[in-house]
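In what follows, a single structure is set out as C-alpha cells and then discussed.
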Amino acid sequence: MSNSQNEKILLPQAGIPGFVLTPRKNSSEDIVGEYREEVVHGDRGLAGDKTGISAKITFVVALCWAFFQMSTASWLLLDSLQVKAIHLAFALSLIYLNLPTLKSETKSRWDLRILLAMKKVTIVDWMIGLVGVIAALYIVIDYAGISERPGQPIGRDLIMGVTLVALMLEATRRVLGPALPVIAGAFMAYVFLGPYLPDVIAFKGATLTRFISQMTMDTQGIYGVPLHVSATVVFLFVMFGTMLDRAGGGAFFTRLAISGLGQYRGGAAKAAVVSSALSGTVSGSSIANVVTTGTFTIPLMKRLGYPAKKAAAIEVASSVNGQLAPPVMGAAAFIIAEYVNVPYIEVAKAAAVPAFVSYVGLLWITHIEACKLGLKGLPKSELPRFWTELKNGLHYLLPLFVLIWELVVEMHSAEMSVFRAILVLAFLMVFQPVVIAKVHNADMWAAFKFGVKNALSSMAAGANNMAGVALATASAGIIVGCVSLGLGQQITSFVEALSMGNIFLMIFITALASLLLGMGLPTTANYIIMASLTAPVIVELATGMSLHGQEIVIPLIAAHLFCFYFGILADDTPPVGLAAYAGAAIAKENPIAVGVQGFLYDIRTVIIPVFFLFNSDILLLGIDTWTEGLFIFGMTSIGMIAFTCATQGWVLTRANIIERALLLVVTVIMMFPATLTGFFMDYSQRYWGYAAGIALFGVVVLMQKMKGQPAKVDSLEMPKDLEAQV
C-alpha cells in the first residue's frame with residue numbers, strides 16, 4: 001500500500017469523506033488551507049531559523065507544560081502558589097519564543113532591529129523571555145524566604161515583582177493586543193495617582209512595596225483566583241477539546257449534523273448550528289469553533305444559496321454560543337464556580353437552559369432565513385447516512401461520556417473528571433489508527449507510531465492554545481488586585497451613583513460596558529473585570545425589589561452569568577469581534593459586515609440574561625426534577641422562538657407591526673410568566689402564565705394563516721459543480 005494511501009487511512013479526521021469535499025485548486029472556495037496556514041504558522045519563530053529549532057523548542061516546552069499539568073491533577077503534590085507560578089512561566093516562555101515585539105515592513109538600515117523584531121523574534125526576545133520566566137519562578141525559587149516575610153518585600157523582591165508585571169503585560173500585548181495591558185495600566189495608575197486626583201474620584205493610593213507585595217507575593221493579585229482556575233481546570237479542558245478535535249471528533253460532529261439535518265430546508269445552516277453546538281461543548285473557544293466547523297459549513301452554506309455574509313454570521317453566532325454550552329464552557333465558567341463558591345456542575349446546570357434555548361432560537365433563525373431565500377435542503381441521496389456516521393464515530397462519544405459520568409454521577413471535581421477523560425481520549429487516539437490499519441491491512445506499527453505522535457502533538461497544541469488564556473487571567477489578576485487594594489469600593493460607589501440606584505439602569509450600564517470592553521478583551525478577562533465591579537452592585541440594588549407583592553432576589557450566580565454572557569457576545573461585536581474576523585476570512589467577506597449580521601442574530605442571546613436575573617427558574621435554581629427542568633426548557637424555547645420571529649419579522653410569512661408587538665408580549669410572558677399571573681394569582685401559580693402565552697402565540701399564527709401564504713420563491717437547484725463533486 002502506498003504512503004499516500006496509508007496517510008489517508010491513518011487520518012480519518014481529515015475532511016468528511018463522501019460529502020464535504022476538498023476545494024478545487026484556485027477556486028473561490030480555496031480558502032480553508034490558506035486560512036489554517038495563516039493561523040497555525042503565521043509570523044512565528046526565530047528570525048533566520050533554517051533548522052526549525054524554534055518549532056522543536058516550542059513543541060518540547062508545550063509538551064512539558066502539558067505533562068506538568070497532568071501531573072498536578074493526579075500525583076504531583078505542590079503548593080497552589082507554586083503551581084500557578086510554574087503555569088505562568090510556561091505561558092511566558094511560549095509567547096516570547098514565538099511572537100515578535102513589533103511587526104514592521106520597514107527596510108531602513110537605521111531601524112532598531114536589535115531591539116524590535118521585524119516579523120520574527122530575535123535572540124533578544126528569547127533573552128527577555130528568559131528573564132520573564134525567572135521572574136515568574138522567583139516565588140518558587142525563594143518560596144521559604146518569601147513565606148517568612150509576608151507583606152514585607154526586600155529589594156530583590158521588588159525588582160523581581162516589577163520585572164514580572166512589566167514582562168507579563170508585554171507578553172499579553174503580544175498575544176492579545178494592547179487593550180488588556182492598557183486597562184491594567186490604567187488601574188495601576190489609579191492606585192498610585194489616586195491621592196492627587198479630584199475629590200470626587202480620589203483614592204488613598206498605595207506604596208510600591210504594598211502594591212508589589214499584593215500583586216506578586218500573595219494570592220490577591222497575579223496569583224489570584226483567575227490564574228488558579230487557569231492552572232488547575234481550564235488548561236485540562238482546553239487540552240481535552242484540542243485532543244478531541246485532532247482525534248476527529250470535530251469532523252465527526254459536523255458529519256453527524258449534516259447527515260441528520262442536510263435534507264431539511266436550510267439544512268446546511270442548521271447543521272452548522274448543531275455541529276458548532278456539539279464542538280462548543282468541548283472546545284470552550286468561539287474562535288477555535290469557527291475555524292474547526294466553519295471551514296466545512298461556511299463554504300457549503302454559500303454554495304447552497306446563503307449570502308457569504310449570512311453564512312459566516314450564522315457560523316459565528318453558533319460558535320460564539322458554544323462557550324455557553326455545558327458540560328465544557330468557557331474558562332470564565334470555572335472562575336464563576338470559584339467566585340460564587342459552588343461546584344462547577346452547579347454552574348453548568350444553571351447555564352443549561354439558557355444555552356440550549358439560545359441554540360433553539362438560532363435554529364429558528366436559520367429556518368426563517370431559508371424561507372426568505374426560498375432554499376431547499378440537499379437531496380437525501382447525496383447525504384451521508386446518519387446511522388452509519390453515528391456508528392463510525394460512536395467512539396468519539398466515549399471520552400464525553402466519561403467526563404459527564406465523572407462530573408454528574410461520581411460527583412468528582414472538574415479537574416479529576418477531565419483528567420480521566422483525557423486518559424481515555426489519549427488511549428483512543430493511540431489505538432484508533434491501529435484498528436483502522438488492521439481493517440485495511442496496513443502497517444500496524446506505523447499506525448501505532450502515528451497515533452502516539454498525534455496524541456503528543458495534540459497535547460502540545462492544547463498547551464499552545466492555553467498561553468493566551470493564562471496571560472489573560474494573570475493580567476486580569478492585576479486588575480482584581482487593584483480592586484482588592486480598596487479601589488473596588490471607590491469604583492463600585494461611582495458605578496452605583498452613575499446608575500442612580502436604579503437596577504435597570506445598572507443592568508444597562510453593565511451590559512454596555514461588557515460589550516465595549518469585549519471589543520478589546522478576551523471573554524475571561526472581560527468577565528473578571530465586570531463581575532468584580534458590578535455583580536455585587538446588581539445583587540445589592542435588587543434588595544427590596546418586589547413584583548406584585550412578591551420579593552425579587554437576584555442570586556449571585558445569576559449576576560455573574562449575566563456578566564459572562566455579555567462578555568461572550570463581544571466576540572462577534574464589531575468592530576473588533578475576533579470570531580467575526582475568523583468567519584469572514586473563511587467566507588471571504590467584510591468582517592465588519594459579518595460582525596454586524598452576527599450581532600443581529602445574537603440579539604436573541606441578549607434577552608436571556610436579562611430575564612434570568614429576575615426569573616431564576618430559567619437557571620433551574622430550586623428545580624431538582626428532570627420533568628420540571630424539561631418543562632421550563634420547553635416553555636422558554638417557545639418564548640425564544642416568539643422573540644426571533646419578532647426580530648426577524650417572519651412567522652409563516654412576513655409579520656406586520658401588530659403581529660411583531662404581540663410576539664414580544666409572548667416573549668415576556670414565556671420568559672417571565674409571573675409578570676402576568678401576578679395580577680391574579682399567587683407566585684406559586686406562575687406557571688399558568690405559560691398557557692396564556694401559548695394561546696397568544698396561537699392567535700398570531702392564526703392571523704398569519706388568514707393572510708394566506710406568500711408567493712413562493714423558486715427553490716434553488718443544487719449547483720452543477722457541487723453536484724458533480726458530490
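In what follows, every heavy atom counts, from backbone to side chain, and hydrogens, waters and symmetry copies are set aside.
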When you measure from the side chain of [X] to the backbone of [Y], do you find a donor-acceptor pair of N or O atoms at a distance under 3.5 Å?
X	Y	result
W126	L97	yes
N464	A460	yes
D157	I154	yes
Y96	L167	yes
S230	P226	no
R420	M416	no

Task: Electrostatic pair D125-R174, nearest N-O below 4.0 angstrom - done: yes

Open item on the list: I'd like to know if K84 and D79 make a salt bridge, using a cut-off of under 4.0 Å between side-chain N and carboxylate O.
Closed with: no

TODO: May I ask you to check whether N98 and T58 show a side-chain donor-acceptor distance below 3.5 Å?
DONE: yes

Open item on the list: Is it the case that the side chains of S213 and Q152 hold a donor-acceptor pair, with the cut-off being a distance below 3.5 Å and no angle test?
Closed with: no

Task: Residue pairs passing the side chain to side chain donor-acceptor pair (under 3.5 Å) test where at least one lies in residues 466-475, sequence neighbours excluded - done: T172-S475

Open item on the list: Within a 6.0 Å radius of atom OH on Y143, are there more than 12 heavy atoms belonging to other residues, nucleotides or ligands?
Closed with: yes

Hey, what do you get for [atom1] ([X]) to [atom2] ([Y]), rounding to the nearest 0.5 Å?
X	Y	atom1	atom2	value
H228	T232	NE2	OG1	4.0 Å
E406	F419	CD	CZ	11.0 Å
T510	L533	OG1	CG	9.5 Å

- [ ] Measure the acute angle between the ring planes of Y344 and F237, then classify it against the limits of 30° and 60° as parallel, tilted or perpendicular.
- [x] tilted

Task: Any M215 side-chain heavy atom under 4.5 Å of Y223 side chain - done: no

